[in-house]
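See structure below.
Chain naming here is simple, since letters A, B, ... match the order of the sequence lines and numbering starts at 1 in each. Values below: all heavy atoms of this structure, side chains included; hydrogens, waters and symmetry mates excluded.
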Number of protein chains: 2
Amino acid sequence: MNATTRPNALIAVRERRTRAGTQEKLDHVLASAADLIAEKGFEATSMRDVSAAVGISLAGLYHYFESKEELLYQLQYRTFRSLLETQEAIAAQPGTREERFRRLIIGHLTFFADHASEHQACTFELKSLTGERYETVEALRRRYYRLMTSVVAELRDGGVTATESKEARHAALFIFGMLNWVFMWYSASRYGPMEQMGEEMVDLVLHGLRGTGAEGT
Amino acid sequence: MNATTRPNALIAVRERRTRAGTQEKLDHVLASAADLIAEKGFEATSMRDVSAAVGISLAGLYHYFESKEELLYQLQYRTFRSLLETQEAIAAQPGTREERFRRLIIGHLTFFADHASEHQACTFELKSLTGERYETVEALRRRYYRLMTSVVAELRDGGVTATESKEARHAALFIFGMLNWVFMWYSASRYGPMEQMGEEMVDLVLHGLRGTGAEGT
DNA sequence: TCAGTGATCGAACGTTCGTTCGATGAATAG
DNA sequence: CTATTCATCGAACGAACGTTCGATCACTGA
């Protein structure tokens, strides 16, 4: 049972003893790496770039991550894990279907507005992970997709069908496109707070382009 | 006036005399490169990969493209140019606002369904271009954005306002998200023809999640 | 106090990368 | 027919990459 080759060691990487402050430094490395990856892409970001940005030596970086892919895996895994916790808590709160949908949309947007670099690194570097690491992150992603799809299907199908309709599942995928594409162009200074962006998106999805007119100038 | 350093030589690369079949081979190289870039990403795709996939030598590749970035530029420029021609022709055809909107949505989806690799290379490798090459492609992208936004604004604002409303511009960006995200998960065998996907998307955008109910099972 | 180990480092290894060079067929214009 | 240009190639260059190694410090538990 070797620690480096044990197949299920992906999650419990930090189980061995560490000195105080090590976890914080690891988080700092991941945050800096996310910024670099968001700016230049994962392949174009070298371990030397990361080591320079975070202020430790190249060899020292390998004390925290056994490989470059492991670094990206940790980044994606922690981000999705945190998003899922946040959104599942939001989905569990009481309220009408519309209210739950609205809270999830705004929850997604505000979460990634606070983690813009992580969003880029998670969205555009999907296939930079391989094998078990890819599957583990993909499982999280699927779980999040199912959460959102169930809420969309409640809205579209009226909560009367046992299984989601094909159109509802497609609509959920369309909505994911809106949610994630926002970060291709959004900036708070040009577009105002993300919460209002979420309100506009909810209005579009609930009522269509002609809308209720309630949000007019 | 050196051909390699002249600033405006980006478009008219093929102005010098070529032998018969050269243009076809150039297109073939770009198509193969698009497949590789879509599969592995631009940075991870080496010139050696491209040369092997297309069956010419590494040095021979540099007869067609002066650099790796020029190859990506040609790929993106030609793709957007072709998309713009197609969609501007569609937008010019007669019909109601709803019909024009529907034709453009389906036009976008079917164009990239036929050019899936090019879509990935154009969407996820934006910032792999630099300087003038980036600006040239970005100008095409903006032109396409304005075309779509004007049609969305006609629908949302009822064609009565001289300038597009903020909400209409945001809605157009949301719709771009749907349109482009489709290719993250779409496959014809699992989801059926892209035309129907477009119909469902148009219904969602026009009437919202509760919709008209006309497309029910 | 002192062994053990967590944390960090400079230097190097082997590989792959984008690009260039000089040479050689193959087509074409005069 | 011949000079020119297009098209193609093998080989190489220098740089950058991910990763490893062995050696130090600096804590920490007994």
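Applying the salt bridge (charged side-chain N to carboxylate O under 4.0 Å, His left out) rule to Glu195(A) yields no partners; only residues at least two apart in sequence or on another chain are considered. Residues satisfying the salt bridge (charged side-chain N to carboxylate O under 4.0 Å, His left out) criterion with Arg142(B), sequence neighbours excluded, are Glu138(B). Residues that satisfy the ring pair (Phe, Tyr, Trp, His ring centres under 6.0 Å) test with Phe176(B), not counting sequence neighbours, are Tyr144(B). His119(B) pairs by the ring pair (Phe, Tyr, Trp, His ring centres under 6.0 Å) definition with Phe112(B), Phe183(B), not counting sequence neighbours.
Listed pair Thr18(A) / dA7(C) fails the phosphate criterion, with no side-chain N or O lying under 4.0 Å from OP1 or OP2. For dT8(C), the OP1/OP2 oxygens have a side-chain nitrogen or oxygen of Lys25(A) closer than 4.0 Å. Between Thr22(B) and dA7(D) there is a side-chain N or O to OP1 or OP2 distance below 4.0 Å.
Nearest-nucleotide assignment on DNA chain D puts the 5′-proximal partner with Arg19(B), out of Gly60(B) and Arg19(B).
Distance NE2 (His63(A)) to C1' (dA26(D)): 12 Å, rounded to an integer number of Å. Counting to the nearest Å, the P atom of dG18(D) and the OH atom of Tyr64(A) are 19 Å from each other. We find that CG of Leu71(A) is positioned 14 Å from C1' of dT19(D), with the value rounded to whole Å. Rounded to an integer number of Å, the gap from Ile56(A) CD1 to dG10(C) C1' is 14 Å. Atom pair Phe65(B):CZ and dA7(D):P shows a separation of 13 Å (rounding to whole Å applied). Separating the CG atom of Leu61(A) from the C1' atom of dG10(C) is a distance of 15 Å, rounded to the nearest angstrom.
Between Glu118(B) and Arg78(B), no side-chain nitrogen of the basic residue sits less than 4.0 Å from a carboxylate oxygen of the acidic one, so the salt-bridge criterion is not met.
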List, with names and distances, any nitrogen or oxygen atoms from the protein found under 3.5 Å away from nitrogen or oxygen atoms belonging to nucleotides 18-24 of chain C.
residue	atom	partner	partner atom	Å
dG18(C)	OP1	Lys68(B)	NZ	2.8
dG18(C)	OP2	Met47(B)	N	2.9
dG18(C)	N7	Arg48(B)	NH1	2.8
dG18(C)	O6	Arg48(B)	NH2	2.8
dT19(C)	OP2	Tyr62(B)	OH	2.9
dT19(C)	OP2	Lys68(B)	N	2.8

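Within the structure, salt bridge (charged side-chain N to carboxylate O under 4.0 Å, His left out) contacts touching residues 79-88 of chain A (residues at least two apart or in different chains) are Glu88(A)-Arg143(A).
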